[in-house]
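The structure under discussion appears below in the form of structure tokens.
Numbers restart at 1 for each chain; the letters A, B, ... are given by sequence-line order, proteins then strands. Predicted model, so just to flag it, every value in this text is computed and none were measured.
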Number of protein chains: 2
Amino acid sequence: MATKARRPERRQEPLSRERIVGAAVELLDSVGEGGLTFRALAERLATGPGAIYWHVAGKTELLAAATDAVVATALAGDHTDATPNEAIRALALGLFDAIDDHPWVGTQLARTPAQPPMLQVFERIGRQVRALGVPEAAQFTAASALLNYILGVAGQNAANARTHRPGTNRSEFLDTVASEWEELDPAQYAFTRAVAGQLREHDDRAEFAAGIDLILTGITAHEWP
Amino acid sequence: MATKARRPERRQEPLSRERIVGAAVELLDSVGEGGLTFRALAERLATGPGAIYWHVAGKTELLAAATDAVVATALAGDHTDATPNEAIRALALGLFDAIDDHPWVGTQLARTPAQPPMLQVFERIGRQVRALGVPEAAQFTAASALLNYILGVAGQNAANARTHRPGTNRSEFLDTVASEWEELDPAQYAFTRAVAGQLREHDDRAEFAAGIDLILTGITAHEWP
DNA sequence: GGAGGTGCTGGAACGGCGTTCCAGAGGATC
DNA sequence: GATCCTCTGGAACGCCGTTCCAGCACCTCC
């Protein structure tokens, strides 16, 4: 053990699962979902594709690990002193912000069944649902509804991020979509046309939070069978 | 015009966009999301990949068209004589059933921003939300919440369908997942363990409908700002 | 009836992907 | 020094979406 090099520095810091996952996150953030390639990753790590497979089983696992890493930091705080409603709001908004920063996480969560990261979210939501006094038989339904709503928004945000060119900002994007809505057939899309104005001025994050509040109202007010 | 062949029958019925989309839907249904390949599609249509591109711009458009075709038939009925709540339930369950039959539709909807099929769903939901008497400023929020919940469930159903081998049926699958949940760390996953039993006995469709009802309760009971 | 144009076909080929394979470098152990 | 094991990274495989293009059947006009 004495001979163990203090500073290995062989030629650089050696490959490791963490370094690979870190580089994958950077790549996904900078180049987008389609940009994560074993070749591009290998180049960024100054190695070959084969070396990566020694540390990671395949692309699926790598994507899951990258998602894990982001969600884990988003779930860092624990809000133990808040009311159940506040805790759920904070949890949901933390996830929203993480997905906003890393849109590919939204895609990944929406297409992954209950894997570790989402199970943890489910658990946290569930505890607060229980704290709300929801009858035991309905706790699963209530927690699932919240989780599915969050996943739906996650997927849509990721889809929107994929659609609009990185150069344009959010309000320009909303403006474009709102204009499209306003030119739909009035007979067939009366409602959509009517709310196009709200779309143009709306705030994704606030809208998301309002949806959470809506479901929480439903959970509190619902007469459970 | 007189010389126009009554029965063309050149060598078979000619290629057409509809025939291609139909074959794509069959392929997706039978082989799964990853099974839709231009080569496989060409083989099924007894042609080459190049011929398909004459009728369809690319894979993205083909997938969108296939989704459109399925969603359109799911949205066929219009339930004009129902109450708003009933109409929304019927609409949502129609979509649920369509996704249950064609899981790949769930993936597609969850990763597509507001394209024609979902815009139509949004419009239908919105009209019923309006009929519920929701104040105008909140109609967008209410309709979005419902739509995002539906999309979340769609994505999860598709993910589940992708996970479990086609051979096993739903109750076996639920049983497996429930057993996994029951073996989680009690300290970290108290809630999840507690509801594992409910997961085992639950009915996806009824659970989905309960979530819709929950949000509808929220919409009705919420005190809009 | 021939010439030319057009709409459509389908097979070959291209570049890029995830993944596998493997010769071998480097350090630890005897 | 010999041996072993971990880890590397470049080459290669098979499949993908897509493009290219020579050629066919059919219509139209001379």
Residue pairs fulfilling salt bridge (Lys or Arg N to Asp or Glu O under 4.0 Å) with at least one residue in [range], sequence neighbours excluded:
range                       : value
residues 188-201 of chain A : A:D175-A:R200, A:E182-A:R200
residues 49-66 of chain B   : B:R17-B:E61
residues 90-101 of chain B  : B:D97-B:R205, B:D100-B:R170

_Any heavy-atom pair between the side chains of B:F140 and A:E207 that's under 4.5 Å?_
yes
Can you give the donor-acceptor pairs under 3.5 Å from side chains of residues 31-40 of chain B to other protein atoms, not counting sequence neighbours?
unit_1 : atom_1 : unit_2 : atom_2 : d
B:E33  : OE1    : B:T107 : OG1    : 3.1
B:E33  : OE2    : B:T107 : OG1    : 2.7
B:E33  : OE2    : B:R162 : NE     : 3.3

Looking only at side-chain N and O atoms, does [X] come under 4.0 Å of OP1 or OP2 in [N]?
X     : N     : result
B:W54 : C:dT9 : no
A:T47 : D:dG9 : yes
B:H55 : C:dT9 : yes

Which residues, if any, of residues 22-34 of chain A bring a heavy atom under 4.0 Å of DNA chain D?
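Within this stretch, nothing sits under 4.0 Å of the strand.
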Evaluate the ring pair (Phe, Tyr, Trp, His ring centres under 6.0 Å) criterion for residues A:F208 and A:F96: first the C-alpha distance (whole Å), next the side-chain angles of each, then the deciding distance (0.1 Å), finally the verdict.
CA-CA 8 Å; A:F208 171 70; A:F96 181 92; 5.0 Å; yes
In whole angstrom, give the distance that lies between atom [atom1] of [X] and atom [atom2] of [N].
X     : N      : atom1 : atom2 : answer
A:I20 : D:dC7  : CD1   : P     : 11 Å
A:E43 : C:dG16 : CD    : C1'   : 14 Å
B:R19 : C:dT9  : CZ    : C1'   : 13 Å
B:I52 : C:dC8  : CD1   : P     : 15 Å
A:R17 : D:dC7  : CZ    : P     : 14 Å
B:L41 : C:dT9  : CG    : P     : 13 Å

Residues pairing under ring-ring contact (aromatic ring centres under 6.0 Å, His included) where one sits in residues 169-188 of chain A, two or more places apart or in two chains, turn out to be A:H164-A:F173, A:W181-B:F122
Between N or O atoms, less than 3.5 Å apart, protein on one side and nucleotides 18-21 of chain C on the other: list the pairs.
unit_1 : atom_1 : unit_2 : atom_2 : d
C:dG18 : OP1    : A:L36  : O      : 3.4
C:dG18 : OP1    : A:K59  : NZ     : 2.6
C:dG18 : OP2    : A:F38  : N      : 3.0
C:dG18 : N7     : A:R39  : NH2    : 2.7
C:dG18 : O6     : A:R39  : NH2    : 2.7
C:dT19 : OP2    : A:Y53  : OH     : 3.0
C:dT19 : OP2    : A:K59  : N      : 2.8
C:dT19 : O5'    : A:Y53  : OH     : 3.1

List for me each residue that meets side-chain hydrogen bond (donor to acceptor under 3.5 Å, both in side chains) alongside B:R89, sequence neighbours excluded, and say none if there are none.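 Scan of B:R89 (side-chain hydrogen bond (donor to acceptor under 3.5 Å, both in side chains), adjacent residues dropped) gives B:D213.
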B:T192 meets the side-chain hydrogen bond (donor to acceptor under 3.5 Å, both in side chains) criterion, sequence neighbours left out, with A:E123
